[in-house]
Protein chains: 2
Amino acid sequence: MANQPLFVAGPNCFTCQARERTEWCVLQDAELRLIEDGKKSRRYLPGETIFREGDTPDGIFCIESGMIGLRKSDAEGNTVLLNLLSEGETLGYRAFLADSEYDASAEALEPSTACFVDRPTIRRLLEHNPALGLRFLKRVAKDLGDADEKILHNVSLSVRARFAHLLMVFVERYGKLADNGSSSIDLPLSRQDMASMIGTTPESMSRTIKKMETDGIARFSGRTVQIPSCRNLVNEFDPEVFV
Amino acid sequence: MANQPLFVAGPNCFTCQARERTEWCVLQDAELRLIEDGKKSRRYLPGETIFREGDTPDGIFCIESGMIGLRKSDAEGNTVLLNLLSEGETLGYRAFLADSEYDASAEALEPSTACFVDRPTIRRLLEHNPALGLRFLKRVAKDLGDADEKILHNVSLSVRARFAHLLMVFVERYGKLADNGSSSIDLPLSRQDMASMIGTTPESMSRTIKKMETDGIARFSGRTVQIPSCRNLVNEFDPEVFV
DNA sequence: CCGGTTGTTTGATCGGAGTCAAGCTACCCA
DNA sequence: TGGGTAGCTTGACTCCGATCAAACAACCGG
């Protein structure tokens, strides 16, 4: 085991651990080879843009490591962080598959590596393996469901409730359960970015955090959050009818 | 031409004028025959429910006439009208294609007829004609784009600007251009429903309408709206940087 | 024709959250 | 090491829009 070092020079589709959980899990080895041979890999620094709202897609990106944010903005400079994508996830499929322009920008939130798979390769894969198209369909459908839920939340919940919900999502995605029943998360985002995810300002975000601390819902220190009781957190946005 | 009366007993896919503008336009006659023979048609009265949030889809609906609203609601009774669908449009594809539950309810807003196409038929069509799947993919992708835009609008625009935008959408979809350059629309919705489309209350809706009348942006009488100048209307939500 | 239900309008009030302004912290790099 | 730049926090103020309440209009079934 020590003879042949397991060193891998760069991202490799065959060894990618995340692939099993994504659209690409339906691919056979031969098909994977197509991607592996055709892809172009690149590193992005935090803040760097992968593609910009309005651009025309030439292919699809796949995140090898790091975290990418999808951000939409209007003429006056208002922005919303619509989605977070990490390791193994696909990026830019919506516009590509719909044959339209990007309607949001993608930017690296951490140092990240992403692979680019060009149009001819994707096209060949889709023709060769119809299950891949169906996978993407499901993915877009799920995203649509999430977006609809966000719309409802934005109009019916307070900033505090929306933030509690966001924290709960983070707990599910990045949280570690401690032995005493409390959860802890390393937030993947700045407070500013969290504010723009729930559609509020950094000032309101800051005040909300402070209040939740004094209420014992969560303890914040830097980007680390301790959640003593997930039940209490859930109650913030999904209040129990029965006490 | 008078010998053979063109009378059609019920909805018929072959004579459906709206089909050309929908996903089904890619179907051949033989494929259309499959739907035509397998579909079940039904009438719905205003307020009647076609399917309910949480139900499991058994097929896809297609609107033959009338107007259907997609409504999402939470436990506390808050609701949002997410989308309007009319003649020829497909309904319930998201949950069906994603193999998940409905995440919104569909209800008739006018007297409507809808056809139901069952799972086996859709499955056969998708296998037989891959273009249909691609069409649906585009449709979901477009819906997702719309949803994202709505999220951004809800956080960055005022009730008035959001309503102006909604009116503009109605002008594009249902508007008639008068000879003097003004547009007129027969609103497909009650004020309550418009309020829930832009995420506000009937009271605020009413006040907003009144203000826009006094400002000369639009003239409301019942469900009919006159828009003297679309330019002015657009300015409400997309203010010109250059005067 | 009337009483009931549902939708719309109007008024008065209140509060959540945005805005503006200023100080604070942390980190980068010259 | 220190100054510069982001990001974060805090305070004071304002205002949009929700809420509560009530009057009104419109429509429907009996």
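Letters A, B, ... are given to chains in the order of the sequence lines, protein chains preceding strands, and every chain is numbered from 1.
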>> Please tell me if A:Ser190 has a side-chain N or O lying less than 4.0 Å from either OP1 or OP2 of D:dG7.
In response: no
>> Tell me whether B:Arg139 is salt-bridged to B:Glu89, with the criterion being a basic N under 4.0 Å from an acidic carboxylate O.
In response: yes
> Among the nucleotides D:dG17, C:dG18, D:dG7, which one has an atom lying closest to any side-chain atom of B:Ser204?
Replying inline: D:dG17
>> Measure CZ/B:Phe163 against C1'/C:dT8 and give the value in whole Å, please.
In response: 13 Å
> Considering only C:dA17, C:dC20, D:dC8, which nucleotide approaches the side chain of A:Arg191 most closely?
Replying inline: D:dC8
>> If I compare all heavy atoms of B:Ala218 with all of B:Val225, which pair ends up nearest, and what's the gap?
In response: CB-CG1, 3.9 Å
>> Can you measure A:Gln192 atom CD to D:dT5 atom C1' for me and round it to whole angstrom units?
In response: 13 Å
> Shortest non-hydrogen contact from A:Ile185 to A:Phe170?
Replying inline: CG2-O, 3.8 Å
> Could you walk me through whether A:Arg160 and A:Asp215 pass the salt bridge (Lys or Arg N to Asp or Glu O under 4.0 Å) check?
Replying inline: CA-CA 12 Å; A:Arg160 172 161 172 157; A:Asp215 293 351; 2.8 Å; yes
> Atom CZ of B:Arg223 to atom C1' of D:dA25: distance rounded to whole Å?
Replying inline: 14 Å
> Within less than 4.0 Å of OP1 or OP2 of C:dG18, is there a side-chain N or O belonging to A:Thr200?
Replying inline: yes
> Which whole-number value in Å describes the distance from B:Lys211 NZ to C:dT10 P?
Replying inline: 13 Å
> A:Glu203 has an atom CD; how far is it from atom C1' of C:dT19, in whole Å?
Replying inline: 7 Å
>> Give me the atom names and distance for the closest heavy-atom approach of A:Leu82 to A:Lys150.
In response: O-NZ, 2.7 Å
> Rounded to whole angstroms, how far apart are CE on B:Met205 and P on C:dT9?
Replying inline: 9 Å
> Whole Å only: how far is the CG atom of B:Leu109 from the P atom of C:dT6?
Replying inline: 17 Å
> Separation of B:Ile209 atom CD1 from C:dT10 atom P, in whole Å?
Replying inline: 10 Å
> Does D:dT9 have OP1 or OP2 sitting under 4.0 Å from an N or O in the side chain of A:Lys210?
Replying inline: no
>> So if I take every side-chain heavy atom of B:Ser158 and compare against C:dT8, D:dG17, C:dT10, which nucleotide ends up nearest?
In response: D:dG17
> Of the candidate nucleotides D:dA18, C:dT19, D:dG17, which contains the atom at the shortest distance from the side chain of A:Arg207?
Replying inline: C:dT19
